[in-house]
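First comes the structure, then the notes that go with it.
Whatever order the structure lists them in is the order used to number ligands and atoms, beginning at 1. The first residue of the sequence shown is numbered 1, and numbering continues consecutively from there.
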Amino acid sequence: MVPKISIYPDYNAMSQAAADRVIALLTKKPESVICLPSGSTPLGMFRALAAANQKGEVDFSKCIYIGLDEWIGLGAGDEGSCRDLLDKDFLKPIGFRENQIVFFDGKAMDPEAECVRINKIVESLGGLDLIALGIGMNGHLALNEPGTPWDTYAHISELDPLTAEVGQKYFNKPTQLTRGITVGIRHILESKTAILIGAGAAKAPVIARALAFPVTAEFPATVLQNHFNAEFILDAEAGSGLRV
Ligand code: PGA
C-alpha cells in the first residue's frame, strides 16, 4: 500500500487541505472520532477549522475528540503541555464541550491505568475515524519513538533525547521531558483514515525517509506505508525531497 501524497504550494494551502479532510469527514459522519495532534504544524489547520466553524461550514458538536499524546508530569493548565496547546489552539476556539474530549492525563497517579482507560474508550467508540499526525525529526508519530513495537495501543514511552530537545520549543522555560503517554502504533494502523501533515524544509528529509524503504520500527513514520488509507499532506518545502 502506498500512501497518497498531496503537495500544496505553501503552508496555508497545506493547512486548508488538511482542514478540508476533517470537514469532509464530519459532513459525512458528524459523530466521528477524531484524533488531532498538538505542535507547530497543525496550527494553520486549526485556524482553518475555526474559520469554517465560525462560518457554519462544519459542525463539531457531535464528534468526539481524542488527544494524541501528552508529556508525563504535565497536563491541563501547564503552559506548553499538549492539552494546554490544544485547549488554546483548537478545543476552546471551536467550543468543544468537556464530554466530547478524551485526553491523556500526564499527571495521572497511575500512568499505566491511564493507558488502559484511554484504550477502553477508543475501543468502545469503535476506533478512530481519523487520525492526523505530525512527524518528529526522528520519525516519531505521536510519542511513538524509534523502536516502538507496532502491536502497541496506548503506552508510556521513554523519550528519545532528540524529542526532549526539540520539545523545548513548546515551553517558555527549560522543561525536563523524559517520558510521554501516547496513542499506539496499533491505534494508528487501525484508524480508518490517517493523515500526516508536514511543513517546512527541515521536515523534507524525514518525510522522504518515511516514504522510502526499509519499512522499520526504527523509523516509526514508515509504518504508514502499511496503512490501508493514509495520506501525506505537505507543503512544497516538506515535499521537496520526494520524486512525485
Ligand atoms: P511539530 O511536531 O508539528 O511541532 O513539528 C511534530 C512532531 O514532533 O510530531
Side-chain angles (χ1 to χ4, degrees), residues 3 8 10-12 14-19 21-22 35-49 66-72 74 79-90 104 106 128 130-148 154-155 157-172 175 177-185 187-188 191 194-211 217-224 227 230-241:
Y8 296 88
D10 57 33
Y11 178 70
N12 283 340
M14 179 284 285
S15 299
Q16 186 63 54
R21 303 300 184 274
V22 178
C35 183
L36 310 181
S38 58
S40 316
T41 315
L43 291 176
M45 172 179 74
F46 291 148
R47 275 195 294 272
L49 287 173
I66 310 278
L68 190 72
D69 52 13
E70 184 57 280
W71 310 105
I72 288 283
L74 298 178
E79 181 106 41
S81 66
C82 297
R83 178 64 196 254
D84 177 54
L85 298 181
L86 255 323
D87 275 344
K88 287 183 183 146
D89 300 330
F90 179 58
F104 288 108
L128 306 172
L130 180 140
I131 189 165
L133 301 153
I135 182 169
M137 295 306 289
N138 59 0
H140 74 199
L141 295 178
L143 287 173
N144 292 281
E145 298 286 42
T148 305
H155 61 102
S157 67
E158 296 296 326
L159 300 179
D160 187 326
L162 186 61
T163 300
E165 185 191 320
V166 174
Q168 296 303 317
K169 69 177 173 171
Y170 308 121
F171 300 91
N172 50 23
T175 303
L177 303 171
T178 52
R179 292 191 301 158
I181 182 166
T182 181
V183 298
I185 299 275
H187 283 124
I188 296 171
S191 64
I195 63 176
L196 184 143
I197 52 176
K203 293 284 172 78
V206 284
I207 299 280
R209 189 167 168 201
L211 289 163
E218 292 313 313
F219 203 76
T222 57
V223 76
L224 292 172
H227 196 288
E231 181 180 12
F232 280 53
I233 300 178
L234 311 170
D235 71 1
E237 287 184 351
S240 62

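Interface atoms of ligand 1 facing Lys203, defined by a heavy-atom separation under 4.0 Å, are 1 (P), 5 (O), 6 (C). Residue Gly39 approaches ligand 1 through these ligand atoms, each under 4.0 Å from one of its heavy atoms: 4 (O). When each atom of ligand 1 is checked for a heavy atom of Gly136 under 4.0 Å away, the hits are 7 (C), 8 (O), 9 (O). Residue contact check: His140 has heavy atoms under 4.0 Å from atoms 7 (C), 8 (O), 9 (O) of ligand 1. The contact set between ligand 1 and Lys169, taken as ligand atoms under 4.0 Å from a residue heavy atom, comprises 1 (P), 4 (O), 5 (O).
Geometrically, ligand 1 and Ser38 share no nitrogen or oxygen pair separated by less than 3.5 Å.
A salt bridge links Glu231 with Arg21: the distance from a Lys NZ or Arg NE/NH1/NH2 to an Asp or Glu carboxylate oxygen falls below 4.0 Å.
Taken to the nearest 0.5 Å, the CD atom of Glu165 stands 12.5 Å off from the CG atom of Leu159.
What sits closest to atom 2 (O) of ligand 1 on the protein, heavy atoms only, is Tyr170 OH, 3.2 Å. The protein heavy atom nearest to atom 3 (O) of ligand 1 is Thr41 OG1, 2.5 Å.
Not counting sequence neighbours, Arg209 has no partner by the side chain to side chain donor-acceptor pair (under 3.5 Å) test.
Contact annotation: the side chain of Glu70 never approaches that of Thr182 to less than 4.5 Å [non-hydrogen atoms, C-beta and beyond]. Looking at heavy atoms from C-beta onward, Leu74 lies in side-chain contact with Phe171 at the 4.5 angstrom threshold.
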Practice item. I would like to know whether Phe46 and Asp89 meet side chain to side chain contact (heavy atoms under 4.5 Å, CB included); could you show each step before the answer? Key: CA-CA 7 Å; Phe46 291 148; Asp89 300 330; 3.9 Å; yes
What pairs of donor and acceptor atoms, side-chain ones from residues 132-143 against any protein atom, are under 3.5 angstrom apart with sequence neighbours left out?
residue, atom, partner, partner atom, Å
Asn138, OD1, His140, N, 2.9
Asn138, ND2, Glu145, OE1, 3.1
Asn138, ND2, Asp160, OD2, 3.0
Asn138, ND2, Thr163, OG1, 3.3
His140, ND1, Glu145, OE1, 2.9
His140, ND1, Thr163, OG1, 3.3

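The proximity of Ile135 to ligand 1, defined as any non-hydrogen pair under 4.0 Å, is limited to the backbone.
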